[in-house]
Amino acid sequence: MTSQTTDECDMVMRLNASGRCGFVKNTSDCNMEDSFINYIHVAFCLLPPNLTPLTVTLCMIWLLFLFIILGLTASKFFCPNLSAISTSLHLSHTVAGVTFLALGNGAPDIFSAMAAISRPHTAGLAVGALFGAGIFVTTVVAGSVALVKSFALASRPFLRDMIFYMSAVFWTFVILYRGTISLGETLGYLSLYIVYVLTVIISTIIYNRQKRSLNTTVQAAPQIPDYQSSDTSDDDELPSLSPRFIPHDNETEYRPLLPYSESTRHILLGSLNPIDSGKWRRKPMKWKAFKIFKTPLEFLLLLCIPVVDPDKEDKNWKRPLNCLHLVTAPMACLFTFQSGAYGHFMIQGQFPLWLLFLLLGLFLSAIVFCTTTNDHPPSYHCLFALLGFVTSALLISGAASEVVSLLHMLGVVLTLSNTVLGLTLLAWGNSIGDCFSDITLAKQGYPRMAISACFGGIIFNMVFGVGLGCLAQMFETHAEVQIEPEGNLAWVLAASLGLSLVFSFIFVPLRNFHVGKHYGVFLLLFYFTFLIVALLTEFNIIKFN
């Protein structure tokens with residue numbers, strides 16, 4: 001990977017408008033083979049040069065739509081299927097929280113970072129997004145939670161998460177400083193999260209034993225002591241347990257008084273309807289307007305991705321739709337994997353691969369439809385969760401690749417570095433959903449869980465976003481990965497994130513782990529100060545010699 005300053009495609013803005021299209025066509029660095037759309041070609045060849053403001057506006061609208069795809073696919077399909085898989089494997093809440101659920105929580109961030117860091121000229125997007133999202137979540141989101149409600153933090157989980165996150169940030173800083181990472185170092189970097197998972201599991205086991213011992217003592221004692229101090233806080237408030245896995249709406253189930261069997265046609269039509277009539281009547285107009293905007297996308301996702309829900313009696317078994325998924329899901333995977341590179345692949349140059357997937361899907365669909373009923377899910381229904389997981393993961397990966405390519409084009413048009421686009425647009429887009437979810441959790445009386453998600457979940461995002469992205473690049477090039485930060489802005493990011501974590505690590509224990517409005521105001525002021533310094537550094541107003 002080379003830095004953005006050596007990217008030949010950036011030189012296009014130095015040319016006259018008449019020569020930009022030819023330069024883009026003849027420069028290999030302007031090719032975007034990892035995305036469905038060559039955005040640089042669209043900006044400089046298809047659209048007139050005098051309509052640059054319109055180009056940027058259309059790109060921002062499309063970027064918003066891609067972020068909606070990321071959030072919707074992660075929350076409605078990827079996360080529920082991960083939860084179903086963890087339930088089928090009979091994993092404890094602790095193990096599920098720091099593995100499957102952490103992956104579900106950070107899916108957009110991880111896939112975006114992997115897509116950016118595994119390509120030439122876009123490593124700055126990954127650095128900016130991971131560090132920028134880390135600063136945003138640990139300052140703006142955590143500060144907003146503290147402003148909403150004062151509370152006492154769980155001391156041991158907080159200190160544990162802070163120590164591991166600071167270790168991950170320091171290790172990433174070392175990687176950037178050296179500018180290279182080998183296979184052994186990448187595996188060691190990934191093993192940091194394995195150590196974190198083991199620490200969470202061991203600390204939970206120790207806590208549960210202490211709790212059982214205390215309960216035994218309490219039952220034998222004549223009086224009940226107060227055991228609600230912050231030092232004995234429940235470790236079960238998992239740092240990786242995100243609000244995405246906590247139902248925000250208690251949806252009312254309208255069931256008939258007498259049992260009856262719906263027809264196959266009614267089941268299919270009902271399961272493809274993204275709008276719940278009961279919820280629609282209760283929600284405000286702004287929710288309805290946004291729902292109408294999302295409905296076509298939700299319909300397409302429902303058509304392609306199966307969802308298994310262990311909490312429902314029928315586990316969300318929809319026989320006609322699930323049979324249809326055996327056809328649509330493999331086709332969606334085929335046309336999404338590597339930006340549709342295999343969509344036109346011919347087996348031995350004669351038989352199209354997509355036709356083979358279609359025939360196999362129809363064959364499996366016919367078998368399942370003939371051997372199952374509408375009322376009861378089959379014993380292998382959990383396999384649909386695996387199919388839904390793979391399909392949604394590929395869709396998220398494809399959308400993340402489009403986001404990275406689009407931001408790279410915006411950086412070329414606006415002459416901005418990838419790092420500043422990563423710490424602003426990409427970080428905000430991937431984190432804004434968590435921000436609203438955590439604030440909602442705090443308002444509902446769960447501030448400790450909300451702030452734990454702020455500090456715990458991003459450990460997974462950073463380690464796996466960088467680690468897996470480097471592994472993908474090594475697999476492709478069979479060499480060490482070169483990561484060169486883009487100027488001084490990367491160091492500003494790393495220093496700011498480190499300072500914010502150190503301040504929280506010192507301030508919170510000094511306050512006996514009680515946080516409130518003063519802590520929230522401090523974090524918000526810290527973020528706005530950082531943002532101003534970062535932008536001034538980007539435009540060379542602040543220079544570091």
Side-chain angles (χ1 to χ4, degrees), residues 71 75 79 93 97-98 101-102 105-106 133-162 165 200 204 207 226-250 282-284 286-287 427-428 430-459 461 497 500-531:
S75 61
C79 295
H93 292 296
V98 296
L101 303 190
N105 299 340
I135 299 173
F136 183 83
V137 171
T138 56
T139 55
V140 175
V141 180
S144 301
V145 170
L147 286 175
V148 168
K149 188 176 183 64
S150 300
F151 60 97
L153 271 170
S155 58
R156 289 180 296 181
F158 174 78
L159 293 176
R160 177 195 64 208
D161 297 339
M162 291 293 290
Y165 190 35
V200 171
T204 303
Y207 169 76
D226 184 11
Y227 192 64
Q228 298 300 325
S229 67
S230 61
D231 292 335
T232 55
S233 300
D234 193 347
D235 227 57
D236 290 337
E237 286 196 27
L238 296 176
S240 300
L241 185 58
S242 167
R244 291 179 185 172
F245 291 94
I246 300 172
H248 298 287
D249 297 306
N250 295 322
R282 298 193 306 267
K283 294 295 182 178
K286 59 181 181 180
W287 183 92
W428 294 342
N430 287 337
S431 303
I432 198 67
D434 289 335
C435 180
F436 289 120
S437 298
D438 288 340
I439 293 174
T440 302
L441 256 189
K443 290 180 178 179
Q444 292 175 350
Y446 302 98
R448 289 167 62 182
M449 185 176 292
I451 208 164
S452 294
C454 296
F455 289 99
I458 48 181
I459 303 173
N461 301 350
L497 180 55
S500 69
L501 295 176
V502 170
F503 286 153
S504 293
F505 189 74
I506 296 174
F507 180 83
V508 173
L510 288 178
R511 299 281 297 177
N512 293 324
F513 297 93
H514 288 270
V515 297
K517 293 184 178 180
H518 295 291
Y519 178 65
V521 171
F522 167 76
L523 291 179
L524 292 175
L525 289 176
F526 183 92
Y527 181 78
F528 287 117
T529 303
F530 147 76
L531 195 59

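Between G134 and Y165, the shortest heavy-atom distance links the atoms CA-OH, 3.3 Å. For the residue pair S150 and K517, the shortest heavy atom distance occurs at OG-N, 4.2 Å. Taking all atoms of both residues into account, the shortest heavy-atom contact from S504 to P509 is O-CD, 3.8 Å.
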Stepwise side chain to side chain contact (heavy atoms under 4.5 Å, CB included) check, F513 with L159
CA-CA 10 Å; F513 297 93; L159 293 176; 3.9 Å; yes

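F151 is linked by a side-chain contact (heavy atoms from CB on, under 4.5 Å) to V145, L153, P447, R448, I451, V515, counting only residues two or more places apart in sequence or in another chain. Listed by chain and residue number, I506 satisfy the side-chain contact (heavy atoms from CB on, under 4.5 Å) test with L510 (two or more places apart in sequence, or in another chain). For the side-chain contact (heavy atoms from CB on, under 4.5 Å) test, residues two or more places apart in sequence or in another chain that qualify with F507 are R511, Y519.
No side-chain heavy atom of F522 sits under 4.5 Å from any side-chain heavy atom of H518.
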Identify all side-chain donor-acceptor contacts of residues 523-531 below 3.5 Å with residues at least two apart in sequence or on another chain.
| unit_1 | atom_1 | unit_2 | atom_2 | d |
| --- | --- | --- | --- | --- |
| Y527 | OH | W428 | NE1 | 2.7 |
| T529 | OG1 | L525 | O | 2.8 |

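Between S144 atom OG and K149 atom NZ the span is 16.0 Å, to the nearest 0.5 Å.
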